[in-house]
Structures are given as C-alpha cells and as structure tokens.
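Report on the structure given below.
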Amino acid sequence: MVYYLRSINYKMSDSNIKNEISVPGNIVMSGIRPTGKLHLGNYFGAMQNYVKMQNEYQCYFMVADLHSLTTHPDTSELKDNIFRVLAENIACGLDPEKVALYCQSHLYETSELYLYLNMLAYKGELEKTATFKDKARLHPDNINAGLLTYPVLMATDILIHRASYVPVGKDQEQHLEMARNFANRFNTRYHNVFPQPKAFNFSSNLVKVPSLDGSGKMSKSENQMATVYLSDTDDEIRKKVKRAKSDQGPQTPNSEMPEEIKNLFLLLDLVSDKETSQYFLEKFNDCSIRYGDLKNQLADDMIKFISPVRQRAEELVNNENYLKKVMKEGAEKASASASATLKLVRNAMGLNYF
Ligand code: TRP
C-alpha cells in the first residue's frame with residue numbers, strides 16, 4: 001500500500017515533471033508559407049541559414065499551408081505550391097535525412113496545442129499585431145478568426161517542438177515575441193514546459209537582398225521584374241538584370257554611390273567572387289565603369305548560381321513519389337516530438353484524468 005502511494009506520488013511529483021521537461025536546447029524550428037515563388041531574398045535570408053543549421057541542430061522545417069488558408073482560401077494551387085517549395089528547399093541543400101521536413105497540416109497535434117494557447121491569447125494584443133492590421137486592411141471582406149489568431153498558430157508551430165531557435169527575418173519578430181509571451185503565460189499559469197524561442201541568424205548582420213528596381217528588397221509578390229526567383233530561366237534572369245535601375249555613371253572620381261548602384265554591388269557580393277566586385281568598385285571610383293559590363297557579369301554569376309538549383313528543383317518536382325516520402329517521414333519525426341510535448345502540456349494543465 002505504501003509502495004502504491006509512493007509510486008503515484010513519484011509520478012505526479014514536481015521534480016519528475018521538471019526532469020521530463022528538460023530539453024536539449026538545440027532545437028530549431030521554422031516555417032515558410034507556400035504562397036508565391038521562392039526568390040534570392042528567401043535563399044540568402046532563410047534557406048542558406050537552414051542549410052548551415054542542419055548539421056549542428058535538431059531542425060524542424062515546415063511548409064505552413066494552414067497559415068496560407070488565413071488569406072488564401074482557394075486551395076486549387078496549394079498542392080502544387082507545397083511540392084514546389086519542398087523541392088526548392090531540398091534543391092538548395094536541405095537534407096531530409098538530417099532534418100524533419102514536413103507540411104503543417106500533417107501534424108495533427110498542432111490543432112490541440114493551438115486550442116490551448118488560444119485561451120492564453122488576448123483579443124486586444126491580437127488586434128494590435130502589425131501583420132493582422134495590414135492584412136485586414138488588404139482583405140476587408142475576409143477578416144476571419146484564423147487571421148486574428150495567426151500568431152497563436154505560429155507560436156504553436158514553434159512551441160510544439162519546444163524549439164529554442166527560430167531562423168526568421170525581421171518581419172516575423174513581432175510574432176516571435178508573442179510566442180515568447182504565450183510560452184511565459186503557460187509556464188507561469190501551469191508548469192514550466194516551454195523554453196523561450198529566440199530569433200536566430202548565422203551571421204550577426206542580416207543579409208540584405210535588394211530588389212532590382214533601386215528600392216526595397218526582393219519580395220514574393222511585389223514587382224516580379226525586380227525579383228529574381230529560384231525558378232527563373234537563364235533568359236529571364238538576364239532580362240531582369242539588364243533592366244535593373246542604374247544611371248549614366250559617376251562623373252567625378254570617388255563619388256558617393258547612388259542607392260540603385262549600391263544595390264547592384266550588394267547583389268554582386270552575394271553571387272560573384274570578391275575580385276569581381278573589387279574590380280568593378282575600382283572602375284566605379286575612377287569613373288571608367290560601364291554598367292552594361294557590370295550587369296552582364298552579374299547576370300552570368302546569378303545564372304551560375306541559380307540554374308543548378310532550378311534544374312534540381314525541376315527534377316524533384318517531377319518525382320512526386322520521392323517528395324511524398326519526404327513529407328511522410330518528416331511528419332513522423334515531427335509527430336514524435338509534438339506528441340511528447342503534448343503529454344507534458346496535458347499533465348501540466350491537469351488534463352490527465354485517467
Ligand atoms: N509566419 C511565417 C511567415 O509568414 C511562416 C511561419 C509559420 C513560421 N509558422 C512558423 C515561421 C513558425 C517560423 C516559425 O514567414
């Protein structure tokens with residue numbers, strides 16, 4: 001009898017819960033919405049980081065199809081987009097053997113944690129979120145509850161693996177802060193289950209990938225001619241680079257570089273070698289530069305960089321069985337981690353009546 005009680009005590013004791021919730025602290029999670037085609041900005045801002053992280057961390061990378069439903073209820077192109085995003089990620093160097101690469105809607109545990117976290121999210125803070133306000137303005141006829149709770153779903157994606165690091169760009173920082181708030185509230189109200197997820201970047205300075213029209217950065221939807229996609233053909237790349245904004249060239253030696261020329265040099269730094277960029281910089285400084293030559297070189301080097309990725313992605317997209325296998329195995333790995341978290345969550349919340 002005594003033994004029986006002790007074993008119950010042991011199971012329920014706090015120290016046991018604390019032992020169970022220790023997480024390795026090297027878990028990485030990120031997601032990418034399957035809306036729009038991936039471009040050089042995605043590559044240098046996100047995917048390049050993913051590829052480096054896969055060797056040092058336990059990584060969960062996900063295609064956020066449920067998030068896309070908050071703004072894109074028409075699903076006719078969803079499947080093709082998901083397969084393309086998966087193929088492009090693998091073509092960029094993500095190894096499905098090393099990481100869990102999966103599709104958000106395949107991880108059923110997400111719905112359950114999303115429900116619990118929704119009780120910890122306040123209407124006021126959700127309404128104040130910048131992305132909510134932007135999207136509500138853009139689609140005034142479809143301000144649905146899913147859109148309002150978009151940050152809760154994103155927090156769920158991260159917390160369900162008890163991830164510590166989230167490689168995302170600046171535009172996602174507010175969402176990440178909300179994820180930390182939800183995690184804190186849960187830990188304080190119930191038990192300590194979740195670590196604090198932090199934004200992660202390999203290099204200390206964020207890489208800027210400027211658009212070709214002289215202002216802003218490359219983006220999925222804005223100005224397609226100013227953005228170079230990973231699926232662009234060699235001709236398309238050449239055409240876009242040729243049309244990039246420039247001017248008649250510097251008139252006095254060592255003059256200040258206009259924004260659009262700086263941008264061309266930034267792009268050169270990303271895809272060309274150091275000597276090339278140095279060579280054109282010297283020509284700029286002594287006013288002998290011809291932007292046509294610089295653009296030709298930039299186009300050549302971009303093509304050298306993108307065309308193998310494009311070809312590999314095309315092969316993968318045509319190999320549907322392989323991509324299905326990747327998704328299935330990814331979902332299995334993700335589910336193992338998610339169900340372990342949910343067990344802790346239910347225990348912490350006292351939802352364990354058996
Ligand atoms: N909201 C992210 C974006 O629009 C995508 C995303 C969904 C995500 N779930 C995530 C990013 C979890 C990081 C972690 O880019």
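The chain is numbered in sequence order, starting from 1. Whatever order the structure lists ligands and atoms in, that order sets their numbers, starting from 1.
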Parallel, tilted or perpendicular: rings of Tyr102 and Tyr60 (30°, 60°) =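 Perpendicular, since the angle between the ring planes exceeds 60°.
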Which residue and heavy atom of the protein sit nearest [atom], plus the separation:
{"atom": "atom 1 (N) of ligand 1", "answer": "Tyr150 OH, 2.8 Å"}
{"atom": "atom 9 (N) of ligand 1", "answer": "Asp157 OD2, 2.7 Å"}
{"atom": "atom 10 (C) of ligand 1", "answer": "Met154 CG, 3.6 Å"}
{"atom": "atom 4 (O) of ligand 1", "answer": "Arg33 NE, 2.9 Å"}
{"atom": "atom 2 (C) of ligand 1", "answer": "Gln172 OE1, 3.2 Å"}

Which ligand 1 atoms, with their elements, are less than 4.0 angstrom from a heavy-atom of [X]?
{"X": "Met62", "answer": "9 (N)"}
{"X": "Ala64", "answer": "7 (C)"}
{"X": "Met29", "answer": "12 (C), 14 (C)"}
{"X": "His67", "answer": "7 (C), 9 (N)"}
{"X": "Val168", "answer": "11 (C), 13 (C)"}

Checking salt bridge (Lys or Arg N to Asp or Glu O under 4.0 Å) against Asp232, which of Lys240, Arg310, Arg238 comes through?
->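 Among the candidates, only Lys240 passes.
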So, does Glu109 use its side chain to make a donor-acceptor pair with the main chain of Ala334 at under 3.5 Å?
->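 A pair under 3.5 Å: no.
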Looking only at atom types and distance, does a side-chain atom of Asp234 sit under 3.5 Å from a main-chain N or O of Ile303, one as donor and one as acceptor?
->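 No.
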Presence of salt bridge, [Y] and [X], under 4.0 angstrom:
{"X": "Arg84", "Y": "Glu77", "result": "no"}
{"X": "Glu236", "Y": "Lys239", "result": "no"}
{"X": "Lys128", "Y": "Glu125", "result": "no"}

Does the N or O separation between Ser30 and ligand 1 drop below 3.5 Å for any pair?
->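 The answer is no, given that Ser30 and ligand 1 share no N or O pair closer than 3.5 Å.
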What about Val317 and Leu78, same hydrophobic cluster or not, with Ile/Leu/Val/Met/Phe/Trp/Tyr joined at side-chain heavy-atom distances under 4.5 Å?
->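 Hydrophobic grouping puts Val317 apart from Leu78.
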Applying a 4.0 Å heavy-atom criterion (strictly less than), which segment of Val166 is in contact with ligand 1: side chain, backbone, both, or neither?
->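 The side chain, only.
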Give the contacting part of Ile158 toward ligand 1: side chain, backbone, both or neither, where contact means a heavy-atom distance below 4.0 Å.
->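 Only the side chain of Ile158 comes within reach of ligand 1.
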Measure centre to centre between the rings of Phe305 and Phe44, then say whether the value is under 6.0 Å.
->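 Ring centres of Phe44 and Phe305 closer than 6.0 Å.
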Could you name the option among Gly169, Pro197, Ser68, Gly31 that has the heavy atom nearest to atom 5 (C) of ligand 1?
->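 Among Gly169, Pro197, Ser68, Gly31, the closest heavy atom to atom 5 (C) of ligand 1 comes from Gly31.
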